[in-house]
Amino acid sequence: MDNYVIEMLNIRKEFPGIVANNNINLQVKKGEIHALLGENGAGKSTLMNVLFGLYQPEKGEIKVNGKAVKITDPNVANRLGIGMVHQHFMLVDTFTVAQNIILGSEPKKNGVLVDLKKAEKEIAELSEQYGLRVDPKAKIRDISVGMQQRAEILKTLYRGSDIIILDEPTAVLTPQEIKELIGIMKSLVTEGISIILITHKLKEIMEACDRCTVIRKGEGIGTVNVNETNVDELASLMVGREINFKTEKTAAKPEDIVLSVKQLEVKDSRQALMVKGLDLDIRAGEIVGIAGVDGNGQTELIEAITGLRKTESGDVFLNNKKITGLSTRKVTELGVAHIPQDRHKFGLVLDFPIGENMVLQTYYQKPFSNNKVLSFRKIYEYAEKLIEDYDVRTPSSKTKARGLSGGNQQKAIIAREVDRSPDLLIAVQPTRGLDVGAIENIHNRLIKERDKGRAVLLVSFELDEIINVSDRIAVMFDGRIVADVKPGETNEQELGLLMAGSTKEKAGEA
Amino acid sequence: MFSNRLFNIVVPIVSVLLGLIVGAIIMLFFGYNPIEGYLALWNGAFGNMYFFGETIRQTIPLILTGLAVAFAFRTGLFNIGAEGQVFVGWVSAVWVGISFDLPAIIHLPLAILVAAFAGALWGFIPGFLKATRGVHEVIVTIMLNYTALYSSNYLIRNVLSEGGDRTEPIAETASLRTAWLSETFGYSQVHWGFVVAILMAVLMWFLLEKTTYGYELRAVGFNEHAANYAGISVKKSIIVSMMISGAFAGIAGAMEGLGTFRYIYTHASFTNLGFDGIAVALLGANTALGSSLAALLFGSLKVGSLRMPPLSGVPSELVEIVIAVIIFFVASSYLIRWVTLRLKKGEK
């Protein structure tokens, strides 16, 4: 008889109109990293919210350490030793790591005063024990996203959790940070902690996990031992069909230069020079991928090209026309489309209906408005055509954008941007947080645009994506393009070194 | 599940009912007859043409200040400065009313327009500071309320009169009152401003919901990053929005100057029209129609309360309590949402 710390048996959870979980079984052994795999909307988060006491299941049984329990709210879950690190961190920016960790269960001194000293000491010890290397006195806003995540992990450990749920923890991390996180997870399980990893990234499962439970459309598909499976099998289990990882495409046929960036310098909001004399040319009919670790000036470069940020010096040309310093609207009208990195912050007005989001840049043009009066009939006709053509799954075109799943929000943005027939299509992290099915769809869409003779600029922190989709890779480091390589002639290792600032010669040796 | 629209209708209605119930309980507690009290309130607001006229008169500026606050709110701004904008509008309208000699067809619209312009100018200042310097509009509008109050008092004493406490009355050609209308409504102070108020409510609805400007302003209100990304000028939108908001409040001032009083007097303190506008917008869920109905409710409560002491002995202050309770319940509408959700669950 195996020793399970968590058993969720025949769990069923319904929401009005849908069954989010139907007869799902999840059994987690002590001291293992157990992956919970599924597409966006498959029901992973629902299942974990049931385990964490945020939802009550309609049917099914939960056992912790062999004992049947009823988890009515997160406090009960905490008492049972279950801790959860959410995808969006629950941290107070202006507090220190230690202040955040003790929030809600502050150690007291003389009955009333918060004993921060004691907490900081205990947290430092915990951090040491598990190799987390977090400074308890650092303010959250001053530390990297990776560190913030470790602070969240520390918070669960500090509360005495021995079962930790990590909800898509790598979505926000750089490749280096992902490696470190996997190391941390492995050291946690050697200390007897059990981890449930919610993810749809197959490579990470292969690297980090012991076993993997797959959910598809609310149904439990089964549990596999990771060392007895491979990425292809996991992908087809998750999606229910064969997935092609190697994006199929013909060789690029580059034509005239569409975008030309010359000696561009751009400062960020804190007046630090982030783009330092950058040169870049992109031709019609090719996809140029910018590889680089986040924070090497990619954001500033894209904002400068699209008119969202002013430039210090240098020039940007679009079809041989100078567009430096033009407004975003002018740049958009001249034929630039932009799939932004953060779809919630920039890409959509979440409280607008999805239909009205489809004309975010074109609402003032005919036929969407006449003499400044909007034609909602035309707007929704157009939106419904896009929804149909680009397979955006939404209850209706009048549904608020907020109500769509992440993948469908992204599809809506892509539909809007691509349908304007831009000369230059800029896609920043277009597949962030999406599952393999949606990723495949988006990659094919980018290639299709290339084949129509458009110039595509792809910025991504995922090396797979860069290598798979690009026709040419420009490696960006410290505000410059430091290398220009062909995807067929390089590998992740070399790119990784180039991204870290190593020269081409040195990287080639490695 | 409740849709948002339904929720926006249910909350104010439930809040109003709760406010009236609490008022009744208080009346009972102090030994008054709540039915008599409310009957007096009803008669005081709608009992005859005179009271009805007074209710309309009270409702007019409340609609306009409510629109001012609601408009700004819909575009992500909090205009606490309607109060000050009422003052500058009032002074400007009276100034035009007493200084020019024009035919009515020009004089009256000109006076209203100048008041709107003055209110817009008063709204421009916080809008401009917010857009270019990031100064929070709440701080600036609060300070400008005092500036407007004392400046208008100065102008009344030193420019519009010779050291007096009030100006001379405006010319008949700039007046919103007509003999026929007053007669019809039992010689009350009612004036044609209600036409202006209704037109402005329609204008706000049209501007915000049907035009490209409204699309831009709402986009900025919901998510200025996305608006910026889409090529909408966020700074321009903030300034324009505050100016339009200020114009509505300025016209509210004109209603007082050209209709109710037909002069302006030095004020020791605020009129509260601007502050009541916040409550009106809140109860009206920041829509044009909602704010108009909320203004009518507050207008009738305020006017009706004056008849409560003579007819039922209930002090008129009771109505202030009722209004406060209504605002309290609207503001804590999440509580009502929570209860209704629980009830729904219980049914299942």
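Order of the sequence lines sets the chain letters (A, B, ...), proteins ahead of strands, with each chain counted from 1. None of these values were measured; they are calculated from a predicted model.
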Neighbour count >12 (heavy atoms, 6.0 Å) for atom OH, Tyr382(A): yes

Which atoms of Phe368(A) approach chain B - backbone, side chain, both or neither, heavy atom under 4.5 Å: neither

Residue Tyr213(B) excluded, over 12 heavy atoms near OH under 6.0 Å: no

Nearest-0.5 Å distance, OH of residue Tyr229(B) to OG1 of residue Thr332(A): 8.0 Å

Contacting moiety of His344(A), where chain B heavy atoms sit under 4.5 Å: backbone

Ring centers of Phe352(A), Tyr215(B) separated by less than 6.0 Å: yes

Whether over 12 other heavy atoms sit under 6.0 Å from Phe128(B) CZ: no

More than 12 heavy atoms from other groups under 6.0 Å of CZ on Phe117(B): no

Engaged part of Ile232(B) at the chain A interface, taking heavy atoms whose separation is under 4.5 Å: both

Between NZ on residue Lys400(A) and CZ on residue Phe222(B), distance to nearest 0.5 Å: 6.0 Å

Which portion of Glu333(A) sits near chain B, non-hydrogen atoms under 4.5 angstrom: neither

Whether Tyr363(A) side chain and Glu216(B) backbone form a donor-acceptor pair below 3.5 Å: no

Atom pair CZ/CG of Arg309(A) and Asn228(B) - distance to nearest 0.5 Å: 10.5 Å

Distance-minimising heavy-atom pair for Leu374(A) and Thr211(B): CD1-O, 3.4 Å

Structural part of Val359(A) lying under 4.5 Å from a heavy atom of chain B: both

Contact leader toward chain B among Glu356(A), Lys330(A), Glu303(A), Arg343(A), where contacts are heavy-atom pairs under 4.5 Å: Glu356(A)

Glu417(A), part contacting chain B, at a heavy-atom distance under 4.5 Å: side chain

Atom of Ala226(B), atom of Leu360(A) and distance for their closest heavy-atom approach: O-CD2, 4.3 Å

Which portion of Glu224(B) sits near chain A, non-hydrogen atoms under 4.5 angstrom: neither

Among Leu350(A), Val349(A), Asn371(A), Thr362(A), residue most engaged with chain B (heavy-atom pairs, under 4.5 Å): Val349(A)

Short side-chain to backbone donor-acceptor contact, Asn223(B) and Lys345(A), under 3.5 Å: yes

